[in-house]
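These numbers come from a predicted model, not from an experiment.
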Amino acid sequence: MTTARANSCEVAVIGAGPYGLSVAAHLDHAGMSTRVFGEPMGFWRRNMPKGMMLRSPWRGTHISSPNRAHSLDVYASAHNVDDAKLLPLEHFVDYGAWFQRRAVPQLDRRAVTEIDATGNGFRLNLAGGENVTAGCVVIATGLRNQEYRPDVFSGLPAALVSHACDHDDLGIFRGKHVAVIGRGQSACESAALLAESGARAEIISRGDIHWLAHLTDGNSTKPALWWLREALAAPSAVGPFPLSWLAEFPGIAWRLPTKLRDEFTQRCLKAGAAGWLKPRFGDVTINPGRTISRARAASRRIELELDNGVRTFDHVLLGTGYRVDIGRLGLLSRALLDKIDCVDGSPVLGTGFVSSVPGLHFVGSYAVRSYGPLLRFIAGAPFTAGAVTRTILAGSAMHGAGKTVRAGGDSFGTAATNPAPPR
């Protein structure tokens with residue numbers, strides 16, 4: 001990637017996970033002077049536990065590159081990774097690093113400490129004191145600082161209560177009695193990994209676990225009904241049929257009335273766990289239908305007051321998911337944050353994922369409120385990369401930059417080929 005000056009660029013991408021790398025690869029292919037900041041696959045590497053398997057189907061797990069030059073298929077073929085089985089976390093992290101070396105080689109690993117608006121763009125303060133200016137900024141920091149911690153656990157020490165994203169190895173709880181709060185994929189997979197690591201794992205949840213039967217292990221015996229579900233399934237498997245097919249088209253979801261889009265997104269992101277986890281629950285205790293009214297430290301352990309009595313554990317692991325609030329990012333200056341139109345912490349986004357501040361784009365989970373549930377998953381990266389690139393190129397052309405567009409085709413799933421939102 002090239003830069004107009006050492007401390008200036010047309011586009012700065014903040015984050016080097018699947019979305020940041022996808023957007024950067026497409027911008028670079030289109031000839032934009034782009035700088036990318038962050039640790040490659042940093043959140044996946046540091047905030048997800050060893051032994052985790054990706055819930056997304058293979059066809060919905062490609063980091064997006066122009067003309068599919070760096071697809072998961074290409075990586076798997078070169079590294080003898082079996083595409084018929086579930087993809088382990090370590091393979092996906094390695095795939096992301098491989099993608100970065102080839103498609104985004106000039107990644108800057110320095111942290112961005114603050115972003116502020118200037119008269120004609122943005123100023124980025126970097127760790128170490130350097131400043132960089134950019135005409136546009138794409139925020140692609142994934143779920144950084146977005147974890148949800150219920151109020152009942154406020155003020156308790158990390159030794160007693162932690163979130164699932166606080167750990168890259170659940171083996172530290174061997175021999176411990178751990179309460180896992182939640183019933184979604186994160187909670188259920190964490191419980192399975194805890195049990196397999198030698199801990200006593202107990203899931204405490206408000207309702208029963210909803211097992212997603214269409215997400216089964218490739219080695220499982222498949223009944224006739226499974227084959228019918230597979231034939232009807234949307235490529236990315238986000239949400240129940242037939243809503244899963246609407247989820248494949250973020251451009252259409254963006255056009256829906258706000259209330260309808262919110263209801264649709266909520267249904268598609270309803271808490272559930274992949275069916276391939278269920279056979280691993282032999283040593284996991286499930287305690288559904290519970291509410292927690294109080295949590296307190298008690299002699300180096302934690303005491304939970306449930307609706308059916310008091311229970312004591314060595315540790316509580318919160319598998320309570322994430323709630324987007326860009327105010328918790330810790331990147332945006334107060335002045336810039338005040339200019340961004342938000343609903344419940346999520347930025348309101350227009351064409352090409354641009355916020356109410358021209359030139360400031362938010363992708364990934366920050367875009368779910370505006371573009372629908374696919375943006376919570378890797379499968380949304382192809383559509384996002386194309387839409388952001390087209391919008392930034394259009395803005396550049398309007399300002400007389402005269403860029404020649406080199407559009408890189410990427411046709412993984414229907415999401416990648418959606419029409420751009422209306423300008």
Side-chain angles (χ1 to χ4, degrees), residues 4 7-15 19-20 23-24 27 32-38 110-127 129-146 250 253-255 257-258 261-262 265 322-372 375 384-385 387-401 420-423:
N7 66 340
S8 179
C9 60
E10 290 176 293
V11 188
V13 179
I14 318 301
Y19 276 85
V23 170
L27 286 168
M32 301 297 293
S33 123
T34 308
R35 292 187 67 173
V36 188
F37 299 91
R110 287 177 295 177
V112 175
T113 58
E114 187 178 62
I115 302 169
D116 202 359
T118 64
N120 57 355
F122 302 89
R123 183 184 67 254
L124 284 62
N125 299 333
L126 307 182
E130 183 181 345
N131 293 332
V132 172
T133 60
C136 297
V137 169
V138 180
I139 304 294
T141 52
L143 291 167
R144 164 181 165 171
N145 297 338
Q146 304 301 299
W254 179 65
R255 292 177 171 88
T258 301
R261 184 174 60 247
D262 287 348
T265 298
Y322 301 84
R323 292 188 180 179
V324 169
D325 181 353
I326 61 171
R328 292 165 48 195
L329 268 175
L331 286 176
L332 307 171
S333 72
R334 182 74 256 175
L336 179 56
L337 192 60
D338 288 343
K339 296 177 182 178
I340 303 170
D341 290 341
C342 291
V343 175
D344 296 331
S346 291
V348 177
L349 303 177
T351 302
F353 298 82
V354 70
S355 70
S356 56
V357 175
L360 181 61
H361 304 250
F362 290 84
V363 300
S365 291
Y366 308 115
V368 170
R369 191 69 183 260
S370 292
Y371 277 85
L375 276 298
T384 301
V388 170
T389 300
R390 287 191 296 270
T391 298
I392 291 178
L393 281 170
S396 178
M398 286 177 63
H399 286 86
R423 291 188 172 88

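- Remark: the backbone N or O of I139 is not paired with any side-chain donor or acceptor of T141 at under 3.5 angstrom.
- To the nearest 0.5 Å, atom CG of residue L124 and atom CG of residue N7 are 11.5 Å apart.
- Exactly one of V137, T389, T34, V36 qualifies for a side chain to side chain contact (heavy atoms under 4.5 Å, CB included) with V11. That residue is T34.
- Nearest heavy-atom pair, F37 versus A12, reported as atom, atom and distance to 0.1 Å: CE1-CB, 4.2 Å.
- Closest approach of V388 to G352, counting heavy atoms only: CG2-O, 3.6 Å.
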Exercise for the section: Show your reasoning for whether side-chain contact (heavy atoms from CB on, under 4.5 Å) applies to T133 and T118. Expected result: CA-CA 9 Å; T133 60; T118 64; 5.6 Å; no
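- Taking CZ of F353 as the reference point, atom OH of Y19 lies at 7.5 Å (rounded to 0.5 Å).
- Between the side chain of H361 and the backbone N or O of C136, no donor-acceptor pair lies under 3.5 Å.
- Here the straight-line distance linking atom OG of S355 with atom CG of L336 works out to 7.5 Å at 0.5 Å rounding.
- Contact annotation: the side chain of L337 approaches that of I326 to within less than 4.5 Å [non-hydrogen atoms, C-beta and beyond].
- Here the side chain of Y366 pairs no donor or acceptor atom with the backbone of L143 at under 3.5 angstrom.
- Of all non-hydrogen atoms in R35 and R110, the two that sit nearest each other are NH2-NH2, 3.4 Å.
- With values rounded to the nearest 0.5 angstrom, R123 atom CZ is found 11.0 Å from I115 atom CD1.
- Side-chain N or O atoms of R261 include one that pairs as donor or acceptor with a backbone N or O of R369 at under 3.5 Å.
- A heavy-atom distance below 4.5 Å is found between the side chains of V112 and L126.
- Residues L360 and F122 meet the side-chain proximity criterion, which asks for heavy atoms closer than 4.5 Å.
- One distance of note links CG of L27 with CD1 of I392; it measures 5.0 Å at 0.5 Å rounding.
- With hydrogens and angles ignored, the 3.5 Å screen pairs no side-chain donor or acceptor of E10 with any backbone N or O of G135.
- Here the closest non-hydrogen pair linking L349 and W254 is O-NE1, 3.0 Å.
- The minimum heavy-atom distance between C9 and S33, with the atom names listed, is CA-OG, 3.4 Å.
- Of all heavy-atom pairs spanning A253 and Y371, the tightest one is CB-O, 3.5 Å.
- Atoms CG and OG, from D341 and S346 in turn, are 13.0 Å apart once rounded to the nearest 0.5 Å.
- Looking at heavy atoms from C-beta onward, S356 lies out of side-chain contact with V348 at the 4.5 angstrom threshold.
- Here the side chains of R323 and D325 are not in contact, with every heavy-atom distance at 4.5 Å or above.
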